[in-house]
Each structure stands twice: as structure tokens, then as C-alpha cells.
Amino acid sequence: MEQQPETTFEKINHAIKNSVSVKLLSIGLLIAILLIPNAMIKSLIRERQSNQEFAAQEVWKKWAAPLELTGPIISIPFEKELSGEKGAYTVRSYAHFLPEELKIDGDIAPETRKRGIYEVIVYSTSLKIAGSFSEFDFSEFTDQPENILWNEATISMGIPDLRGIQSNIKFSLHKEEYNMEPGIPAYINLDLGQTTSEYGVSSPVSIDKQSGVNARINIDPSRSTIAFNTTLDIRGTKELLFNPVGKSTKIALKSSWQHPSFTGQFLPDDYAIDENGFTSEWSVFDLNRNYPQSWVNRTHGIEESSFGVNLFQPVDNYQQNTRSAKYAVLILFLTFITFFFIEILNKKKIHPIQYILVGLALSIFYTLLLSLSEVVGFTTAYIIAAIIIIGMLSVYSASILQSKKLALTMAGFFSLIYTFIYVILQMEDFALLVGSFGLLVVLGICMHLSRKVDWYNIKPTKRIAHESL
């Protein structure tokens, strides 16, 4: 009987099966389609990362916020007698004085706290604070020195989250000891970094500029300085910052944390990082910042000069998952191009549906990796997920290629590509360099395999005509 004419579906199927150009076009289309689940995976990673950040905020609320320390600062009120339409009146202002010298030594003890399956870095630290104030010069602020209220001075320290304070703060000022109280009086109107007038500790002090009679503090006539020192036992989360309020500010920190990230406006002058942790030292002067040693009322934003250390996790779980997902297109392309060369060089036929199933298996790897890494850690999760996907694809390759040799070849290929990606993920500084050379090697292999292929004379598989008897 006469052969039945081909349907449209049969024509398309025949073209995909026997036309190299159509095959390549279909592979490209399949890769583009498989980018959709890849985008969904990246969105899932971002969602889980936001859940981690929410968990971190929950820990912060119960532990303490990141610490930004400002001070000590001495505020001294003075009055001015002015005259107006309704007669004479008095205005009170506050002059704020920063230390001449400020030294802080700190030992940071990091801890890892868990909220569900999420880890949050917190710390406790003991800060030894010492320094001195120089003579308080009011010549720029008032021409009425008799109206300076020395006995109503206040010493303040800005601390953004008072829940982190672990012990009473005894502040020694020129051999006199004061108990710091919570809060900074609002009438002082002092700008202390990221804090407001409510966030910090303070204490009233009394300074006798003249003779010390009926006052607790008298400025040393030989040195014109007031020495101070205190110890601050406090805890915080992830970040420890300082504002360089001293004319000369020197900070020295040490910790067992092995991954510090020095942040803010100033990098340490000297630091060392090894398997035992890190040490760091800063030296900042008043000329390095954009505010003076003294001013009246609230006129300067001290927080613009903050600096310190972040207890950084160099490549955390979600960062590694995100970086891994970025290589999904590369793995899809390398896998499909490998199957394509197997078709060309070994006269095997692989249907687009089979390409899609392989691509979906490669995509599921990332959801498997994400879910496992939240429980067992990234490295163990990567090994488990890779073994599962490599085993699945190897068995499937043996079925569709009908060759144990080719199946073993594909198993070796998948093992190599997942190992290569893992090596890149563990690198921070040389990931791009290693990845570039890896792609160059892959391109070289493709060029080597295709050098003897006559692309204009690839013979299609013969079609068998079915005729009725």
C-alpha cells in the first residue's frame, strides 16, 4: 500500500533527530527553558537567607545589638545673659569636650548561637578604656567665664544597646570614682554616633577650675589634664565599632575569631591573623576626622568616622549556595554539549525529552544541596547531593546510551565537573582565574573532539518505510 504522508509532529521529530542545526537549536532552547527552575532556585535561596537574617535579629533582640562605642565625652553647661524686647533673659548651652588621649584595649570572645537551624555570631568583650582630658577652653564659646557651671558637668558614653552591659561601670576621673547611670540627659542634646540622647550611660561630675574648694575634681595645675579610666564588660552581635573621639585615639583588639573583616573609615595600622585568631591596632588622630575637639550643642555627626571589626563568616552556607547556583548554566551547557558529541561521534540518538530529564536532575541538585546544607553543613551536603545526582545520571545514561562504557564516561564527567565547581566555590581570590582556565580546557577538549567531524556531511539515520502486506 502507499506510504502514509508524515504528520507535522513526525516531521519535527525527524528534523530534530537527523538535522544537526535543528538539534543544536533545540538544545539551546532547552537550556533557556531550564533557566526558569534555576531562577526559582535562586529565589528560594534568597528566601532562606532572609529567614536566617530574621533569626539573627531575633537573637540580637535577646542578646545585644552590634556595638558602636562613643566617648567618654564631658559636657559642661554655661549661661549667657542676653537682652531682648521684653528685657534681659538667660540662655543655657552645653559645651562638649573630647579627650586629649584615648586608649582602648579589648579582648573579643566570639560565640555561635543557634535559632532553629540558623547560626548567629555573637561576642562578649572586656574593654579597658583609659586616657585624659586637657584644659577646658571656653574662649570660643563665651566671654562670660563667671557663668560657666563647672559643678554641673556630665560625663557620657554612647552605647547603642544597654542590654549588652554585663557589670556595673565604675568610671575613675582624676582619682575620683563615679557610678555610671543608664541614659544620657536629653537636655544635653548630645549626638553620640548612631545613638540618641537616650542610649548610653552618664554621670554628673563636679569640676573646680580655680582651687578645688567644694568640688570633687581639680585640674592638675602642672599638667592641665584630667586622667580617666574604666572597664566596660559588654556583649554584642557580629560587629564592634569605635568612634575616634580622642585627639589621639589608639585601639588594640584581639580575638580567637579567625575571619575578621576590618570595617569603617580606618583600617588597622598593624594586624596579624592566624589559626589562633587575630590581633589588630589602630591609631587615629583628630586631623583624620571631620569634627573638632569641642563644640556647643548638637552640631556634629560623630558616627561618620566609626571603624572597627566585623566577625565575618567568609563564605557562609547561603553565600556558597548562591555561588553554586550561578554555575548551573555552565553545568547544563557542558552536560548537553557532551551528550551532543556522544550523539555525533558514537551515532547515538538522544531525544529532547531525555535532555529535559537530565537538565531537571541537574536543577534538583541545587534544591537538594540547599536543604541538606541547612542541616549538615555545606561541604557534607555538597558531597551527598553530588553522589546522588551523579549516580542517578550515570544509571540513566547507561539506559539511554545502551553502553556501559559511555555510562562510565559520563559518570567520570559528572564527577569531574562537580569536583571542579566545588574547588572554585572554596576559593575567594582565585575563583575567577581557576574558572577561566577550566573553561579554556573544556573548550580545547571540544575543539579536539570536533576537529575531524564533517559538519556538512553528517548522514542522517535511514528511515524504514512500513508497508502493508
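Starting from 1, each residue takes its place in the sequence as its number.
Side-chain contact between Leu370 and Leu44 is present, with heavy atoms from C-beta onward closer than 4.5 Å. Using a 4.5 Å heavy-atom threshold, the side chains of Phe413 and Thr335 count as touching. You'll find the side chain of Thr90 stays beyond 4.5 Å of the side chain of Lys80, heavy atoms only. No side-chain heavy atom of Ser294 sits less than 4.5 Å from a side-chain heavy atom of Phe136. Side-chain contact between Val245 and Thr70 is present, with at least one heavy-atom pair separated by less than 4.5 Å. Side-chain contact check for Asp270 versus Thr279: every heavy-atom pair is 4.5 Å or farther apart. Looking only at side-chain heavy atoms (C-beta outward), Leu127 and Thr231 stay at 4.5 Å or farther from each other. Side-chain contact check for Trp150 versus Ile76: some heavy-atom pair is nearer than 4.5 Å.
In this model, no donor atom of one side chain and acceptor atom of the other lie less than 3.5 Å apart for Ser172 and Tyr178. Residues Asn290 and Glu304 bring no donor and acceptor atom of their side chains to less than 3.5 Å of each other. A donor and an acceptor atom, one from each side chain of Ser126 and Asp107, are nowhere located under 3.5 Å apart. For Asn147 and Thr142, the side-chain atoms include no donor-acceptor pair closer than 3.5 Å. No hydrogens or angles considered: a donor-acceptor pair under 3.5 Å links the side chains of Glu374 and Tyr318. No side-chain N or O of Ser261 forms a donor-acceptor pair with one of Asn310 less than 3.5 Å apart.
The distance from atom CG of Asn288 to atom OG of Ser248, rounded to the nearest 0.5 Å, is 10.0 Å. In this structure, CZ in Arg113 is found 5.0 Å from CD in Glu111, a value given to the nearest 0.5 Å. Note that CZ of Phe333 and CZ of Phe340 are 10.5 Å apart. Values are rounded to the nearest 0.5 Å. In this structure, the separation between NE2 on His259 and CZ on Phe278 is 12.0 Å, given to the nearest 0.5 Å. Between the CD1 atom in Ile104 and the CD1 atom in Ile251 there is a gap of 3.5 Å [rounded to 0.5 Å]. To the nearest 0.5 angstrom, Gln319 atom CD is 11.5 Å from Ile45 atom CD1.
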task: Begin from the C-alpha positions of Thr225 and Phe133 and carry the test side chain to side chain contact (heavy atoms under 4.5 Å, CB included) through to its verdict.
output: CA-CA 5 Å; Thr225 61; Phe133 287 91; over 6 Å; no

message: With side chain to side chain contact (heavy atoms under 4.5 Å, CB included) as the criterion, how do Thr263 and Leu241 come out once you've worked through the C-alpha distance, each side chain's angles and the decisive distance to 0.1 Å?
response: CA-CA 8 Å; Thr263 185; Leu241 299 177; 3.6 Å; yes

message: salt bridge (charged side-chain N to carboxylate O under 4.0 Å, His left out), that's the test. Do Arg92 and Glu152 meet it? Break it down for me.
response: CA-CA 12 Å; Arg92 173 174 288 202; Glu152 296 184 24; 2.9 Å; yes

- prompt: Which is it for Glu68 and Asn243 under the side-chain hydrogen bond (donor to acceptor under 3.5 Å, both in side chains) test, yes or no, and what are the steps along the way?
  reply: CA-CA 7 Å; Glu68 180 180 344; Asn243 285 305; 2.8 Å; yes

- prompt: Step by step, would you call Thr419 with Leu416 a side chain to side chain contact (heavy atoms under 4.5 Å, CB included)?
  reply: CA-CA 5 Å; Thr419 301; Leu416 180 62; 5.6 Å; no

message: Does Phe242 form a side chain to side chain contact (heavy atoms under 4.5 Å, CB included) with Leu253? I'd like the steps, not just the answer.
response: CA-CA 11 Å; Phe242 303 91; Leu253 298 177; 3.9 Å; yes

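The main-chain N or O of Ala130 is never found under 3.5 Å from a side-chain atom of Asn229 such that the two would form a donor-acceptor pair. For the pair Ser43 (side chain) and Ala39 (backbone), a donor-acceptor distance under 3.5 Å is absent. Between the side chain of Ser373 and the backbone N or O of Phe378, no donor-acceptor pair lies under 3.5 Å. Side-chain N or O atoms of Ser306 include none that pairs as donor or acceptor with a backbone N or O of Gly264 at under 3.5 Å. At least one donor-acceptor pair under 3.5 Å links the side chain of Trp257 to the backbone N or O of Phe312. In terms of modelled atom types and a separation under 3.5 Å, the side chain of Glu100 and the main chain of Ser134 share no donor-acceptor contact. Although no hydrogens or angles enter the test, the distance criterion places a donor-acceptor pair under 3.5 Å between the side chain of Gln293 and the main chain of Pro99. For Asp274 (side chain) and Gly277 (main-chain N/O), a donor-acceptor pair under 3.5 Å exists by modelled atom type. Side chain of Ser202 to main chain of Gly183: a donor-acceptor pair is present (N/O by atom type, distance under 3.5 Å, no hydrogens or angles).
Separation of the Phe97 and Phe138 ring centroids falls under the 6.0 Å cut-off. Here Phe171 and Phe228 bring their ring centres to under 6.0 angstrom of each other. Outside the 6.0 Å centre-distance limit, the rings of Phe307 and Phe262 are not counted as a close aromatic pair.
The minimum heavy-atom distance linking Asp269 with Trp282 is given by the pair OD2-C, 3.5 Å. Between Pro160 and Tyr199 the shortest heavy-atom distance is O-CD2, 3.5 Å. Contact record, Ala411 with Ser394: CB-OG, 3.1 Å, taken as the closest heavy-atom pair. Considering all non-hydrogen atoms of both residues, Thr125 and Tyr123 come closest at CG2-CE1, 4.1 Å. Closest approach of Tyr291 to Ser305, counting heavy atoms only: OH-OG, 3.0 Å. Residue His96 comes nearest to Ile73 through the heavy atom pair CB-CG2, 4.1 Å, listed as atom of the first residue, atom of the second, then distance.
Note on ring orientation: taking the six-membered ring where Trp is involved, the planes of Phe414 and Phe339 are tilted (angle from 30° to 60°). Ring geometry, Tyr382 versus Phe365: the interplanar angle exceeds 60°, so the pair is classed perpendicular (tilted spans 30 to 60°).
In Tyr396, the OH atom is crowded: over 12 heavy atoms of neighbouring residues, nucleotides or ligands sit closer than 6.0 Å. In Lys42, the NZ atom is crowded: over 12 heavy atoms of neighbouring residues, nucleotides or ligands sit closer than 6.0 Å. Within 6.0 Å of CD in Glu146 there are more than 12 heavy atoms belonging to other residues, nucleotides or ligands. The neighbour count for Asn168 CG, taken as heavy atoms of other residues, nucleotides or ligands under 6.0 Å away, does not exceed 12.
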